[in-house]
Structure formats: structure tokens, C-alpha cells
Amino acid sequence: MTNQEIAGILYEIGAYLDMADVSFKPRAYEKAAEIISSLPDSLSDVYKKEGTSGIKKIPSVGASIAETIEELIKTGKSKYHKELKQKTPVDLSNLTRVEGLGPRKIKMLYHKLGIKNLKDLEFAAKKGKIGKLAGFGAKSETNILKGLEFLKKSGGRFLLSEVLPLAREIERRLNNIAGVKKVQIAGSVRRGKETIGDIDILIISNDADKVMEYFVKMPEVGRVLARGDTKSSVTLKKGLDVDVRVLSEKSYGSALAYFTGSKDHNVAMRQLAIKMGYKLSEYGLFKGQKQVAGKNEEEIYKILGLDYVEPELREMTGEIEVARKHQLPELIKYGDLRGDLQIQTNWSDGKNSIEEMALAAMKIGLEYIVITDHTKRLAMTNGLDARRIVQQGKEIDRVNQKLKIQNSKLVILKGSECDILKDGSMDLPDEVLKDLDVVGASVHSYFNLSEEEQTNRIQKAMRNPHVDILFHPTGRLINRREAYAVDVDAIIRTAKEAKTIMEIDAFPDRLDIKDEYIKRCVDGGVKMSIDSDAHDISHLSVLEFGIMQARRGWAGRGDIINAHPLREMLRYLKGRGGDK
DNA sequence: GCCGTTTTCGGCCCGACTGTTTTCAGTCG
């Protein structure tokens, strides 16, 4: 049973307890489910290795929930869940996806109209049965129908790269409204999450009504979910929700903190405030009736005895305790990157020439790039063999010479994105690899080997003395392809031993390795690189997403080799770098 | 049901908005 499946059952138990009007337990199950669904390790594996005591180590999982998890892993079922479900046998996970429907309403719909699933719901709503129900009305009915319609159209979360430009565009337009003093993107976009469920925007203005009026009538709005004096929510035609909140200047910091989340981080902050005799809300930090902070985020953290926590760290992965001990790392900054270590050109499947890529890199202020075209096994990309890579080296020399004459600071290095073959050997011979400045190794085939075979294969490649970097180490494509089965902790240990650099591939649907693994590299003293994997000059801008991801993984400048000048960067590489 | 920088018992975040209500429950974030 996967973590997602286990989390799903726990969510349902929570919802059923909510229906039964039980207090506090629903939140306990919900919390455990949230934590489990974002857990990097498989619970089945944890159970196999450490038994229930391993399960109980997970925060928010105590004796009772651990027992349920054990039962789920062993039998695939939970008696408790089954008992609860018998009372209201409905398709909870889908029904709750309808905007405005929660456990209580679902229970009513089942008992009064026998609605069990989305199909029943749509049928009843179209027949006008729901509007006649006590507690519901005509408006509820149309809202359910609209909710169903939008559910069919959209699905799930969007890539940060799809959302960020749109969020910035809306931000820009809201900024132009008369009376608006400040507009700030908050929520998971500000935290730099790899996928986004909705856009949250905070506005400081003395004419909230004007802002709301504009906001709900923007051309891309598909449906207005709520329109209030200080808060409005819409669903865009493309299926993404946007919330705006208008507040006054004196609450800017507390509102920003509240609106940035994560939810769990906020809850922890509020609990901490209570413990220290304060009350924290979006309006400010209060002692009794008196506002003691809230104009900016920094002063709130300070009064609560914490160092400032950067938005990317606010995920309840220990940031509050570490902030209390004043041990938060100084994160890598936007603009810290000096080079890009993975760039494709038209020598393989890239669109632009070496020179075009170099000029584009110069424009964004980089000091060095590595040309890393594919190798011959990837025939469809026109991958390079030994002969062509030597030719390419000559072309790189030529462009470097030209740039030098023009007094440019940019240096182009010779590299390769060399395929790892099925048995872990490399697609180009050692004699060729040894002459390159930077060698990246990638898996592009045999994604379905067993975890052991895949791990061994990759480890063998990492131990090749000429391989410097493991490119996109887990091979996932967000929303499209799962990572291949690989023991990432073992890979990280090998990276430590063999001094292999782990890449953070910044391409928005890769973001590989993901934030939790970055943190493990940081903790394990394994160095990383942030690379664009650009196949086009426009792709160089994705480095921003890589930096966000690195920050989410608690990485500082010192952890990222290409945040350093060329000479220093080369020193981190195996063998060849040291004596350059 | 979980948890502990006052606690192994007694707490558990806070507020906006909607719809159907004459004062509030449900949902959401």
C-alpha cells in the first residue's frame, strides 16, 4: 500500500468522524494524513525495517493511528474505517473535491437523498432536488452544479512555472488600481512549491471595494466563488483558483505571514504565540487588546523568540525549532549563480548554437557555462559520439577565442550529458571523458529496472572517476512520470564517497532532485549544482526555479558548486578539476 | 487522537464568507 493510499484512508476516517460530530479527532487524522502524504519514505518500507515503533516516530502519529497503519500495510484494509464507512457509504474523496461540499453536507445529502457519488450528486442537482432540502437552497444547488462543471474541466495542481508568470501579471495589474499601495504574491507561490493549487495575493489599499470590483471582473475569471469586503476568491477559466485579501498597512506583515502559510507553519506560530501570552492572527500579534507587532513579518518572529524564517522553509520540517536555536542556514540567494553546468545546443537536441547559448548566458550575468550535449545512445537526439565531441571541442575553442577578443568574461567549458548504459557503464569511453571539463551522467533508458539494479547501475556510473555530476538523479517528470525506483539515500552516500555532485535540474517539470533530497544532501555534506538543462536560449530563465528548490531544501551558497567562481567550482570536481 | 520550554491530563488556530438563516453552521484557507 502506498503512502497516498494510506493517507487517503486516514483522511476518510477523519471526515467520517467529522460527520459523527466528534471533536478534535477529525483534525488528528487529517493532520496525520497530511504528513504521511508528503513523506518521502514509503511507510511499508519503514514498517518492514523498524515495525510500529518506526511508524510512531512520524509526527502526529500516535499509538492508535500507528495501529491503523499497521493493519493497512498488513491487510490493505482497516476495520475502523469500514465500520465508519458503513454508516455513510459514499465516495468521500471525490465528493469533497466539489467546492463548498464538506463532510456534514455530504452526510445530509446521503441520508436525505441517498447521494453516494458525483453521478448521484449531478443527477439530484439537475432534478432540483437539492434546492428543496432544509439547509440547502436554490443557490447551493447551482453552486454544486458549477462546482461539478469545474471539477470536470480542471484537474489537480499546476506547475510553478505555469503559474508564476500569470501571478506576476495579475500582481502588475492590481498594482495599477488607484489607491493600491502594495501588492504581494503570497501562498505556495511565494514559498516556491513545485506545484501550485491556487494563487494568493495580498493587497494594501485604502479602497478595498475598487480592488474587489476589478478583481472579480478580470477577463480570465471563470467563476466568482466569494466576493467580500476584504476577501474574494475566483476560479480562472483555466481552472486555477485565485484569492485576494485586502488589509491595512499596520497588518501587512501579519497578513503576509498568514497568507504565505504553510497552514501548518501558521498553526504552529499561533500556538507558540498563545504559549507566550499573545494572540496571532492576520491582523497582527496582540497582547490583550494591544497590537505589539504586525507591520512586518520580521518583528513577529522576533517577539516570538525566533529568527526570521524564509518563506521557502515554512513547511513544518523543523524550521521553528531551528529558528528558536538561531541555527537557520543562510540560504542561497537569487543571483548567486555564477555558471550553468548543463546546456544543450543544436549539436544534439537543443535549438540554438553554442555561440547563441553563450551570448544568452552572458546577458543574464553568468561567468561560465558547460556545453553538455547528449551522447550517441540517445540517437533520436542526434547524440554525439567520440568523433563529433572532439569536433565540438574545436568549435568551443573557436567561440571562446572570439569572446575573449570581445573582452567578454564568459568562459565556455567542454562537457557532456553522457548516457548511463544499462549495466552502469558510460556511453563514451574513458579516454574521451577524461579530456572534458565537466561530465554529467544521466539515465535515459531502462526506467523500470528493480530498485536494486537501478541503484547499482547509477552507483557504478557515479564511481567512474571521470563522472563529475549525476544529472536529474531520479528521472521524475512532475505530473507526468514517477521517478524510477532508486534508493536515493544510497545514491547520496555514494555521492559523498565518490565526490560526485548531485544536480538540482531546474527545468520546471523536473526539479530533480526534490527539496527533501536536497536537504539530505545538505545534511550529509554532499555538494550540488543548479543547472538549467536549457535546450533553448529562453530556457536559461528556469534557473530561478532551481534556486527556489534549493532554498526549499535549506541549501546555502556553500552547498551549490556553481554559486562559486570558475576556478573554485572546478576544485569541487573530481580529479581533473583539482589540478586546473 | 495527539502532544508536552508550565503539562502524562487537558488542551487543541483564527477569521472571512456564503447561504439560509432571524443568530448561525459549514466550508475554506
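Hydrogens, waters and symmetry mates are skipped; everything else that's a heavy atom, side chains included, is used. First the proteins, then the strands, lettered A, B, ... as listed; each starts at 1. Since this is a predicted model, take the numbers as computed values, not measurements.
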Map A:Tyr278 and A:Ser232 onto DNA chain B by nearest heavy atom, then report which one ends up closer to the 5' terminus.
A:Tyr278
Relative to the 5' end of DNA chain B, which residue comes earlier, A:Leu101 or A:Arg245, by the nucleotide with the nearest heavy atom?
A:Arg245
Any A:Lys25 side-chain N or O less than 4.0 Å from OP1/OP2 of B:dG1
yes
Under 4.0 angstrom, heavy atoms only, what part of the nucleic acid is A:Tyr258 near: base, sugar-phosphate, or nothing?
base
Among B:dT27, B:dC3, B:dG1, which nucleotide sits nearest the side chain of A:Arg104?
B:dT27
Presence of A:Arg270 side-chain N/O under 4.0 Å of B:dC14 phosphate oxygens OP1/OP2
no
Classify the nucleic acid contact of A:Gly261 as base, sugar-phosphate or nothing, counting any heavy atom under 4.0 Å across all strands shown.
nothing
Can you tell me the distance, in whole Å, between the CD atom of A:Glu321 and the C1' atom of B:dG4?
13 Å
P gap between B:dG1 and B:dT5, integer Å
23 Å
Does a side-chain N or O of A:Asn266 approach OP1 or OP2 of B:dG29 to a distance below 4.0 Å, or not?
no
Sugar-phosphate, base or nothing in reach of A:Val61, heavy atoms under 4.0 Å:
sugar-phosphate
Would the number of heavy atoms belonging to other residues, nucleotides or ligands and lying under 6.0 Å from CD of A:Glu71 be above 12?
yes
When the distance from CE of A:Met19 to C1' of B:dT27 is rounded to whole Å, what number comes out?
14 Å
Counting only non-hydrogen atoms, which of residues 281-314 of chain A are less than 4.0 Å from DNA chain B?
A:Ser281, A:Glu282, A:Tyr283
Under 4.0 angstrom, heavy atoms only, what part of the nucleic acid is A:Pro103 near: base, sugar-phosphate, or nothing?
sugar-phosphate
Can you find a side chain N or O atom of A:Lys105 that sits less than 4.0 Å from OP1 or OP2 on B:dG19?
no
Determine the interatomic distance between C1' on B:dC3 and the same-named atom on B:dT20; round to the nearest Å.
39 Å
Whole-Å distance, A:Asp18 CG to B:dT27 P, equals 7 Å
Base, sugar-phosphate alone, or nothing: which one does A:Ala32 contact when heavy atoms must sit under 4.0 Å apart?
nothing
Quick one: is A:Thr230 getting a side-chain N or O under 4.0 Å of the B:dC17 phosphate, OP1 or OP2?
yes
Using ring pair (Phe, Tyr, Trp, His ring centres under 6.0 Å) as the criterion, list what pairs up with A:Phe507, not counting sequence neighbours.
A:His539
So if I take every side-chain heavy atom of A:Lys279 and compare against B:dC2, B:dC17, B:dG15, which nucleotide ends up nearest?
B:dG15
To the nearest angstrom, the CG-C1' distance between A:Leu92 and B:dT27 comes to 15 Å
Whole Å only: how far is the CD1 atom of A:Ile36 from the C1' atom of B:dC2?
13 Å
With rounding to whole Å, what would you report as the distance between B:dT21 and B:dA16 at their P atoms?
24 Å
Within the side chain of A:Asp512, is there an N or O that forms a donor-acceptor pair under 3.5 Å with the backbone of A:Gly475?
yes
Side-chain ion pair, A:Arg104 and A:Asp21, N-O less than 4.0 Å
yes
Rounded to the nearest Å, what distance is computed from the CG atom of residue A:Leu17 to the P atom of nucleotide B:dC2?
12 Å
Sugar-phosphate means primed atoms, P, OP1 and OP2; the rest is base. With that split, encode nucleotides 5-12 of chain B 5' to 3' as B, S or - using protein heavy atoms under 4.0 Å.
-B-----B
If we take the C1' atom in both B:dG15 and B:dG10, what is their distance in whole Å?
25 Å
Just checking A:Lys263: base, sugar-phosphate only, or nothing, at a heavy-atom cut-off of under 4.0 Å?
base
Cation-pi check, A:Lys182 onto A:Tyr252 ring (under 6.0 Å, within 45° of axis)
yes
Does any N or O in the side chain of A:Asp336 come within less than 3.5 Å of the main-chain N or O of A:Lys333, such that one atom is a donor and the other an acceptor?
yes
Using a 4.0 Å heavy-atom cut-off across all strands, classify A:Leu280 as base, sugar-phosphate, or nothing.
sugar-phosphate
Considering only the C1' atoms, how many Å lie between B:dC13 and B:dC2, rounded to the nearest integer?
16 Å
Answer for the Watson-Crick or wobble partner of B:dT8, both distances under 3.5 Å, is none
With a 4.0 Å cut-off, would you call A:Glu194 and A:Lys514 a salt bridge?
no
From CA spacing to verdict: side-chain hydrogen bond (donor to acceptor under 3.5 Å, both in side chains), A:Asn94, A:Arg97:
CA-CA 5 Å; A:Asn94 278 314; A:Arg97 287 170 65 209; 2.9 Å; yes
I'd like to know if the side chain of A:Arg552 reaches the main chain of A:Arg191, judged simply by a donor and an acceptor atom lying under 3.5 Å from each other, with no hydrogens or angles considered.
yes
Could you check whether A:Glu282 pairs with A:Arg270 (Lys NZ or Arg NE/NH1/NH2 to Asp/Glu carboxylate O, under 4.0 Å)?
yes
With heavy atoms under 4.0 Å as the rule, sort A:Arg27 into base, sugar-phosphate or nothing.
nothing
From CD1 of A:Ile144 over to P of B:dG19, roughly how many Å is that when rounded to an integer?
12 Å
Considering only the P atoms, how many Å lie between B:dC28 and B:dT23, rounded to the nearest integer?
25 Å
Suppose you measure atom C1' in B:dC12 against the same atom in B:dC17; what distance do you get, rounded to whole Å?
24 Å
Should A:Arg190 and A:Glu297 count as an ion pair when the cut-off is N to O under 4.0 Å?
yes
Touch check for A:Ala255, heavy atoms < 4.0 angstrom, all strands: base, sugar-phosphate only, or nothing?
nothing
Taking CD1 from A:Ile58 and P from B:dG1, how many angstroms apart are they, rounded to a whole number?
18 Å
Is the backbone N or O of A:Met316 less than 3.5 Å from a side-chain atom of A:Glu319, with the two atoms forming a donor-acceptor pair by type?
yes
